Protein chains: 2
Amino acid sequence: MSHKSKPPTDEQIEKVRSFNRFYTRHIGLLNEGLLESAFSLTEARVLYELAHGNPVTAADLGRDLGLDAGYLSRLLKRFDAKGLLRRTPSQDDRRQLLLSLTEQGFAAFGPLNQASATQVAAMLSELSPGERERLVQSMAAVERLVGDGPNSDPAYSLRPHRIGDIGWIAHRQGLLYAQEYGWDETFEALVAEIAASFVKNFDPQWERCWIAEREGEIVGSVFLVRSSGEVAKLRLLYVELSARGLGLGRRLVDECIGFAREKGYRTLTLWTNDVLVAACGIYRAAGFRLVKEEAHRSFGKDLVGQTWDLDL
Amino acid sequence: MSHKSKPPTDEQIEKVRSFNRFYTRHIGLLNEGLLESAFSLTEARVLYELAHGNPVTAADLGRDLGLDAGYLSRLLKRFDAKGLLRRTPSQDDRRQLLLSLTEQGFAAFGPLNQASATQVAAMLSELSPGERERLVQSMAAVERLVGDGPNSDPAYSLRPHRIGDIGWIAHRQGLLYAQEYGWDETFEALVAEIAASFVKNFDPQWERCWIAEREGEIVGSVFLVRSSGEVAKLRLLYVELSARGLGLGRRLVDECIGFAREKGYRTLTLWTNDVLVAACGIYRAAGFRLVKEEAHRSFGKDLVGQTWDLDL
DNA sequence: TGAAATAGTTGACTAAGTCAACAATATGCG
DNA sequence: CGCATATTGTTGACTTAGTCAACTATTTCA
């Protein structure tokens with residue numbers, strides 16, 4: 001399973017460790033917040049688990065929270081003694097006790113829960129709405145990526161364009177091609193112009209844009225514009241580094257081809273450069289033919305432009 | 001300080017709490033990894049702090065890591081007894097002891113540090129290179145946003161534009177004006193076009209762009225372009241919601257005026273809309289005169305366009 | 001100068017967690 | 001079926017981690 005390409009860089013390792021140290025400290029602070037409550041952090045965690053979800057067994061609880069069975073047993077006994085807990089013998093397995101909170105248990109959990117929510121709300125209140133959203137998304141990303149590694153669900157979804165997309169796409173493509181091929185800022189400007197003119201002249205009857213998203217983040221896109229009644233043009237295909245290898249480029253091209261066929265175009269054409277070998281591979285595999293090549297100087301580099309056509 | 005707009009949503013609070021629970025558990029797991037080493041998590045944290053950075057005092061250490069002074073004192077005594085620690089009386093303050101590791105201390109820290117790095121490396125190895133980058137970036141975002149809330153030091157800096165900026169600006173302005181005034185996607189397209197044409201025709205002798213950054217994030221910008229030998233035009237002034245009230249808008253306009261004067265322009269002109277009252281206030285305060293108004297329909301709204309001039 | 005604060009230490013304590021052993025029950029295999 | 005093996009939950013005996021208040025030696029500040 002861990003035959004995934006190159007090892008992580010030292011810098012990445014260091015940054016992750018730095019975050020671990022940071023959050024260890026942060027959790028210590030959250031911990032202190034519970035100080036005036038009658039419960040310790042571990043007790044609070046157990047209460048939380050019991051208050052949510054269905055009755056569980058002690059063994060499950062211990063596994064989920066990483067607690068020692070003996071310790072947990074005594075902790076539960078304490079809860080039981082205080083009348084917070086109901087322990088019902090399981091029908092299936094008479095060794096097990098199914099744990100659930102009593103009304104008193106919920107009553108004890110309520111203020112604790114409330115205090116925790118208030119504490120978090122106070123922290124969030126210091127942030128602007130935009131920052132809050134970014135925090136929540138970043139946390140979700142960390143959780144997904146750290147949470148037992150090989151979950152990596154490669155699921156992406158496609159949607160039409162909306163406000164904010166074209167700027168974002170110019171931004172990302174500008175950076176991406178500068179990084180990968182050393183192209184200068186005029187490339188970003190070109191992307192911005194093409195995307196802007198697409199939006200300004202957008203004719204939903206004949207044109208379309210596909211934005212690929214994964215977890216709310218744009219990971220690729222493509223535009224299809226009408227050149228004439230017979231010819232459609234595919235433009236600005238791109239896939240983020242982090243989303244390569246999922247067949248997303250191919251998928252986006254296929255969407256274009258399908259749409260172009262459906263609308264009755266006779267030819268799908270596109271312009272690209274020979275250095276973009278991955279993209280050219282996709283076009284060739286999709287049935288495009290290279291119909292023209294010409295050298296040009298753009299984006300601060302000497303390039304070879306290519307025109308590819310597909311008969312629909 | 002916390003008069004920042006609306007309160008956080010329940011959903012956001014719940015997601016943050018979920019993350020806290022998740023990472024509490026995760027740190028517990030990291031903890032178990034240290035089990036075969038001779039040190040506890042807290043000891044490892046102290047060793048780490050001592051191994052990095054300059055000599056510190058025990059009080060600093062306790063504050064940084066959130067440890068009880070008495071507990072820390074004994075812990076350090078243990079380290080000292082094992083010969084891991086050097087405690088040098090401070091010159092400045094004879095109550096203090098400056099703490100640093102001995103060679104033996106570093107020798108003890110080495111394997112511990114290595115084990116921790118290996119553990120993190122193993123986790124990262126399960127991810128693709130793109131995922132690793134996203135993890136690191138998400139962690140950095142969480143750390144920045146959670147790290148002592150009212151960090152918001154209002155210091156911003158100005159810099160020239162570079163690759164990625166114009167797309168970003170179109171993206172942000174598109175979203176911002178959609179949110180604030182309900183403008184449609186053609187506004188973003190207009191911003192993209194103006195910014196793109198600025199980059200393509202950029203003449204550093206006569207033109208300039210100022211990007212305001214705070215902690216690596218763009219919080220505002222403005223462009224100055226040459227209309228003729230005598231007339232310069234100020235375009236695309238914008239300030240992020242999160243950076244309002246810092247006088248940034250005024251600062252950006254002043255930069256433009258200063259630059260235009262320096263280059264010998266006779267007039268600085270700009271076009272805006274009357275709904276942008278904050279911006280109009282800045283222009284007026286800077287000495288601009290409203291020279292023309294005309295109603296127009298753009299961005300899906302009925303607007304009143306305004307031309308403002310400043311004699312330099 | 002003197003009151004108040006701070007650095008570091010210590011004694012006395014509580015809370016948190018670990019480990020091994022145990023009874024009761026369940027599971028799987030020949 | 002019956003027997004070895006594993007699992008659930010419990011308990012006793014223990015160690016580790018952390019807290020709290022009191023104390024000395026110093027520094028700071030009015």
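Treat the numbers as computed from the prediction; the structure is a model and nothing was measured.
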Touch class at under 4.0 angstrom, heavy-atom based, for [X] against every strand present:
X: A/D60; answer: nothing
X: A/L97; answer: sugar-phosphate
X: B/D93; answer: sugar-phosphate
X: B/L72; answer: nothing

Tell me the interatomic distance from [X], atom [atom1], to [N], atom [atom2], rounded to whole angstroms.
X: B/D64; N: C/dA7; atom1: CG; atom2: P; answer: 12 Å
X: B/D92; N: D/dT28; atom1: CG; atom2: C1'; answer: 14 Å
X: B/L98; N: C/dG8; atom1: CG; atom2: C1'; answer: 13 Å
X: A/F79; N: C/dA16; atom1: CZ; atom2: C1'; answer: 14 Å
X: B/R45; N: D/dG18; atom1: CZ; atom2: C1'; answer: 13 Å
X: B/N31; N: D/dA17; atom1: CG; atom2: C1'; answer: 12 Å
X: B/I27; N: C/dG17; atom1: CD1; atom2: P; answer: 14 Å
X: B/D68; N: D/dA21; atom1: CG; atom2: P; answer: 11 Å

Between [Y] and [X], is there a side-chain heavy-atom distance shorter than 4.5 Å?
X: B/L76; Y: B/R87; answer: yes
X: B/L75; Y: B/R78; answer: yes
X: B/R134; Y: A/E217; answer: yes

Between [options], which one does the side chain of [X] approach most closely?
X: B/S73; options: C/dT9, C/dC19, D/dA17; value: C/dT9
X: B/R94; options: D/dT27, D/dC20, C/dT10; value: D/dT27
X: B/Q96; options: C/dA7, D/dT11, C/dG17; value: C/dA7
X: B/T57; options: D/dT10, D/dT19, C/dG8; value: C/dG8

Taking only the side-chain nitrogens and oxygens of [X], find out if one of them lies under 4.0 Å from OP1 or OP2 of [N].
X: B/S40; N: D/dA17; value: yes
X: B/T42; N: D/dG18; value: yes
X: B/R74; N: C/dT10; value: no
X: A/K77; N: D/dG9; value: no

Regarding B/E213 and B/R162, does a basic nitrogen lie under 4.0 Å from an acidic carboxylate oxygen?
yes
Salt-bridged, A/E49 to A/R63, with N to O below 4.0 Å?
-> no
Distance-only side-chain donor-acceptor flag, A/R17 / B/N113, under 3.5 Å: yes
Practice problem: Would you check if there is a donor-acceptor pair between the side chains of A/D60 and A/T57 at a distance under 3.5 Å? | Solution: yes
Exercise for the section: Over 60° means perpendicular and under 30° means parallel, so classify the ring planes of A/W168 and A/H171, tilted if in between. Expected result: tilted
- [ ] Could you check B/L61 against B/L50 for side-chain contact (heavy atoms from CB on, under 4.5 Å), going step by step and ending with a plain yes or no?
- [x] CA-CA 9 Å; B/L61 209 51; B/L50 292 174; 4.1 Å; yes
Applying side-chain contact (heavy atoms from CB on, under 4.5 Å) to B/E11 and not counting sequence neighbours gives B/T9, B/K15
Note: for B/L99 and A/R78 on DNA chain C, the residue whose nearest nucleotide lies more 5' is B/L99
Axis-to-axis angle across the helix from C/dT1-D/dA30 to C/dG30-D/dC1, five pairs each end, nearest 10 degrees, ~ 40°
Every protein N/O within reach of nucleotides 4-6 of chain C N/O, cut-off under 3.5 Å:
| unit_1 | atom_1 | unit_2 | atom_2 | d |
| --- | --- | --- | --- | --- |
| C/dT6 | O2 | B/R95 | NH1 | 2.2 |

Determine, using ring centers only, whether A/F22 and B/Y23 are less than 6.0 Å apart.
no
By salt bridge (charged side-chain N to carboxylate O under 4.0 Å, His left out), A/R45 pairs with (sequence neighbours left out) none
Residues passing the salt bridge (charged side-chain N to carboxylate O under 4.0 Å, His left out) test with B/D64, sequence neighbours excluded, are none
The correct set of residues in residues 81-91 of chain A placing a heavy atom under 4.0 Å from DNA chain C is none
